[in-house]
Every structure is written in structure tokens, then in C-alpha cells.
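Naming convention: chains lettered A, B, ... in sequence-line order (proteins, then strands); numbering from 1 in each chain.
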Number of protein chains: 2
Amino acid sequence: MIKTDPQEVEQRLKQFELACRQKGVKLTHQRIEIFREVAEATDHPDTEQIYQRLKNRLPTLSLDTVYRTLWLLKDLDLLVTLGTSRERTRFDANLKGHHHQVCTKCGAISDFYSDDLDKVKLPEPLGMLVEIEATHVEVRGICRNCLKST
Amino acid sequence: MIKTDPQEVEQRLKQFELACRQKGVKLTHQRIEIFREVAEATDHPDTEQIYQRLKNRLPTLSLDTVYRTLWLLKDLDLLVTLGTSRERTRFDANLKGHHHQVCTKCGAISDFYSDDLDKVKLPEPLGMLVEIEATHVEVRGICRNCLKST
DNA sequence: TTTAATGCAAAAGATTTGCAACATG
DNA sequence: CATGTTGCAAATCTTTTGCATTAAA
């Protein structure tokens with residue numbers, strides 16, 4: 001399992017602690033560990049997976065705390081969610097503008113960056129939207145592993 | 001509620017009936033009505049909404065048939081799903097390559113098209129993916145209605 | 001010490017399944 | 001007619017909630 005670069009994780013944790021203090025949200029042991037787990041992950045885990053990965057370290061942790069914490073962190077803009085249709089919601093602590101590549105076979109999701117994409121102008125009369133917050137591209141396809149195993 | 005252009009709906013229905021016959025899937029009254037409902041909708045409804053909209057026309061319809069049918073149609077590539085994180089899965093019968101604009105306040109989703117976007121080259125070493133199937137852009141922002149009501 | 005957060009267990013919600021009755025090809 | 005599909009009810013799975021206990025500021 002590939003993990004986020006440790007320096008990057010530390011940075012994210014710093015930002016997280018700062019944000020919590022600023023907003024008067026208590027820095028509990030559980031919150032720190034849950035955030036760290038998401039920050040270290042590169043595979044965009046869902047609630048259950050995060051819970052499973054933490055159980056060794058925090059044996060008394062309960063699943064509902066993981067749920068509550070993840071959505072709290074999302075509300076604080078410290079995490080981003082990916083809706084993946086039939087699957088459960090998945091979480092990402094990467095706050096730099098980025099895009100996703102998704103394997104339609106195995107469901108793996110990985111981040112990527114593209115200056116070219118970021119530079120594209122949207123058609124002016126977009127329609128419904130007035131204030132644009134973010135543009136996110138999802139590229140779907142088959143990943144190396146899944147192609148091999150067919 | 002804005003509906004899909006009737007001609008377009010008819011086209012989609014034709015294609016749907018053809019596909020069902022080709023794949024040996026029976027064309028039941030329920031399946032036709034469920035597909036029509038999605039084909040007419042422009043708001044990307046979820047299972048429950050589709051069920052509610054059909055109840056008048058089909059009083060004995062059951063929710064589980066709607067579930068079963070929608071996922072069947074998706075497996076037959078006659079519908080596309082949108083995963084929208086905390087919400088339920090939503091369905092779209094628009095099979096032309098298109099993109100989505102999402103209001104982060106009210107959750108409204110509407111289709112849009114962009115030649116410019118479709119022309120952008122992805123960075124060559126995308127990473128994980130080998131065979132690319134589709135590229136989909138999601139633009140998030142605030143819609144006209146929600147901006148007014150703040 | 002005050003207030004918010006956790007863990008537990010129970011509740012609520014959403015989705016799926018087994019099976020007899022029914023409709024389609 | 002044979003087979004696949006539906007509706008119902010029950011089962012399952014996921015997520016949320018109430019509340020007493022515990023921990024953070």
C-alpha cells in the first residue's frame with residue numbers, strides 16, 4: 001500500500017490542528033488519528049476501511065465516531081468526499097486542486113494533476129451555475145492490474 | 001419541472017427497446033415506464049424519486065422493482081449513474097458524452113456540453129489507467145436560485 | 001469546571017433477497 | 001407453455017441518534 005509522503009502528512013496535520021483550534025473544535029485523540037489515517041492514505045478509503053485500519057491502534061474506537069468525525073472534517077473543509085455511485089462515500093485529505101482516475105473494474109481511484117486541464121475555459125453560458133467553486137475531472141478506464149488479469 | 005425534448009425521449013425509448021430485444025431482456029410494462037421516467041427527467045433523479053413519480057401511473061409498482069430495473073438498465077449501458085457522495089445514487093438516460101454542473105447548496109445537477117473540454121489532451125503518463133473509456137467533468141458552484149435566496 | 005466528544009446500544013434508513021404469483025415472448 | 005419478472009415481506013446492511021460516561025480546554 002503506497003502512503004502519502006510523510007512530510008506532506010505532517011503539513012496536513014499541522015493545518016488540521018490549526019483549523020480545529022481556530023474553529024473551537026476539540027482536538028481529541030480519536031480525531032487526530034482518524035485525520036492522520038486519511039491523510040496517509042492514497043487510496044481514498046471509505047468510513048468502514050478507515051475504521052478497520054484504526055482498530056489496532058485504537059481498540060475502543062467506535063464506528064459511529066469515525067462517521068461523525070469524517071463528516072465534521074468535511075464540513076470544516078479539511079477533507080473532500082468522492083461520491084462513487086454504488087459504493088460508499090470515500091474520503092481524500094488532498095486539498096490541492098486535483099483530478100481523479102477511476103478504474104471501472106476494480107474501483108481503484110488515484111489522484112492526478114494537469115495544468116492543461118486547469119487552464120481550459122468553460123463555455124461561458126454554463127447554464128445553471130453562477131459562482132463556480134471548483135472544476136473536477138474524472139477519467140474512467142481500466143487500470144494496469146485489471147487489464148492483466150483478464 | 002423541465003422535461004427532456006419529446007423527440008429525444010422517443011429516440012431513447014427506441015434504443016432501449018432495441019437493446020432489450022437484442023439482449024433477451026423482457027420488455028415489461030414496468031421497465032418501459034421506469035425507463036421513460038428517467039429519459040424524460042432532466043434532474044437526475046434517484047430511485048426513490050423515480051418510484052414516487054411513477055406511483056400514480058403504476059399504483060402496484062414496488063420500490064424493489066425500481067431498484068432492480070435501474071441497475072439492470074445501467075448494466076445494459078442504457079443509463080448512467082452519478083455518485084453524489086452523501087446523497088443516493090442518481091440516474092441519467094443521456095448517453096451523449098456530456099458533463100455536469102452541480103450546485104453545492106441545493107444539490108441540483110444539470111448537463112452541459114463543451115467541445116473545448118472534450119478536446120483537451122490528458123497528461124500522457126496518467127499513472128494507473130491503461131485504457132481510457134470516458135472523461136467527465138464536474139463543475140461545482142452555486143446556482144442562480146441559491147444565490148438569490150441567501 | 002464547563003462543555004463538547006465518545007462509546008454503546010438501539011433506531012432509522014436504504015437496499016437486497018427468497019419465493020409464490022404473474023406476464024412476456 | 002417456459003422462463004424471466006414482479007410484488008410482497010422479511011432480511012440485511014449502512015448510517016444516525018439518544019444518552020450516560022469520559023476527556024479536552
Side-chain angles (χ1 to χ4, degrees), chain A residues 13 16-38 45-76 78-79 81-91 107, chain B residues 13 16-38 45-76 78-79 81-91 107:
Chain A
L13 271 163
F16 154 73
E17 293 182 9
L18 196 70
C20 286
R21 268 190 261 277
Q22 274 184 351
K23 315 214 181 183
V25 167
K26 288 185 183 168
L27 270 171
T28 65
H29 188 197
Q30 290 89 331
R31 286 186 179 156
I32 295 169
E33 292 308 313
I34 291 169
F35 182 83
R36 187 206 307 284
E37 197 60 46
V38 183
D46 64 33
T47 312
E48 183 70 33
Q49 288 174 310
I50 295 161
Y51 174 64
Q52 291 302 336
R53 292 173 195 182
L54 283 164
K55 255 170 123 179
N56 299 320
R57 260 189 284 159
L58 303 173
T60 72
L61 180 68
S62 67
L63 182 57
D64 61 77
T65 298
V66 182
Y67 273 103
R68 280 191 278 226
T69 302
L70 290 170
W71 289 105
L72 171 77
L73 295 177
K74 146 111 191 189
D75 288 344
L76 297 178
L78 294 165
L79 294 181
T81 54
L82 325 194
T84 49
S85 202
R86 210 164 195 182
E87 288 179 64
R88 311 196 195 93
T89 303
R90 296 164 69 154
F91 295 84
Chain B
L13 271 163
F16 154 73
E17 293 181 9
L18 197 69
C20 285
R21 267 190 262 277
Q22 275 184 349
K23 313 213 184 185
V25 167
K26 286 184 184 168
L27 270 171
T28 66
H29 188 196
Q30 290 91 329
R31 286 185 179 156
I32 294 167
E33 291 309 312
I34 291 170
F35 182 83
R36 188 205 306 284
E37 198 60 47
V38 183
D46 64 33
T47 312
E48 183 69 33
Q49 290 175 309
I50 294 161
Y51 173 64
Q52 291 301 336
R53 293 174 194 181
L54 282 165
K55 257 171 122 178
N56 300 320
R57 261 189 284 159
L58 302 173
T60 71
L61 179 69
S62 68
L63 182 58
D64 61 76
T65 298
V66 182
Y67 273 104
R68 279 189 280 224
T69 303
L70 289 170
W71 289 106
L72 171 76
L73 294 177
K74 145 110 191 191
D75 288 344
L76 298 177
L78 293 165
L79 294 181
T81 54
L82 324 194
T84 49
S85 201
R86 210 164 195 183
E87 288 179 66
R88 310 196 196 93
T89 303
R90 297 165 67 154
F91 296 84

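- Nucleotides of DNA chain C nearest to B:W71 and B:H29 differ in position, and the one nearer the 5' end is that of B:W71.
- The side-chain hydrogen bond (donor to acceptor under 3.5 Å, both in side chains) check on B:E37 picks up B:R57, with sequence neighbours excluded.
- Every residue meeting the side-chain hydrogen bond (donor to acceptor under 3.5 Å, both in side chains) condition with B:Q52, not counting sequence neighbours, appears here in chain and number order: B:E48.
- Residue A:R86 is classed as a sugar-phosphate contact, given heavy-atom separations below 4.0 Å to backbone atoms only.
- Along DNA chain D, read 5' to 3', the first and last nucleotides having any atom under 4.0 Å from a heavy atom of chain B are D:dT3 to D:dT16.
- Atom OG1 of B:T60 is separated from atom CG of B:L58 by 7.0 Å, given to the nearest 0.5 angstrom.
- Distance alone, capped at 3.5 Å, is enough to place a donor-acceptor pair between the A:T89 side chain and the B:S85 backbone.
- Note that OG1 of A:T69 is 9.0 Å distant from CG of A:D64, once rounded to the nearest 0.5 Å.
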Item to check | Reading 5' to 3' through nucleotides 8-14 of chain C, protein heavy-atom contacts under 4.0 Å coded B for base, S for sugar-phosphate only, - for none | outcome: BB----S
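- Evaluation of the side-chain hydrogen bond (donor to acceptor under 3.5 Å, both in side chains) rule for A:R31 yields no partner, not counting sequence neighbours.
- Applying the side-chain hydrogen bond (donor to acceptor under 3.5 Å, both in side chains) criterion to B:R88, with sequence neighbours excluded, gives B:D46.
- The minimum heavy-atom distance linking B:T81 with B:W71 is given by the pair CG2-CZ3, 3.8 Å.
- Atoms NZ (A:K55) and P (C:dT6) sit 18 Å apart, rounded to a whole Å.
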Just the table, please: protein N/O against nucleotides 1-5 of chain C N/O, every pair under 3.5 Å.
| unit_1 | atom_1 | unit_2 | atom_2 | d |
| --- | --- | --- | --- | --- |
| C:dT3 | O2 | A:K26 | NZ | 2.7 |
| C:dA4 | O4' | A:K26 | NZ | 2.9 |
| C:dA5 | OP1 | A:R31 | NH1 | 2.9 |
| C:dA5 | OP1 | A:R31 | NH2 | 3.2 |
| C:dA5 | O5' | A:R31 | NH2 | 3.3 |

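- Aromatic ring orientation, A:F35 versus A:F16: parallel (interplanar angle below 30°, classes split at 30° and 60°).
- For B:D75, the side-chain contact (heavy atoms from CB on, under 4.5 Å) criterion is met by no residue, not counting sequence neighbours.
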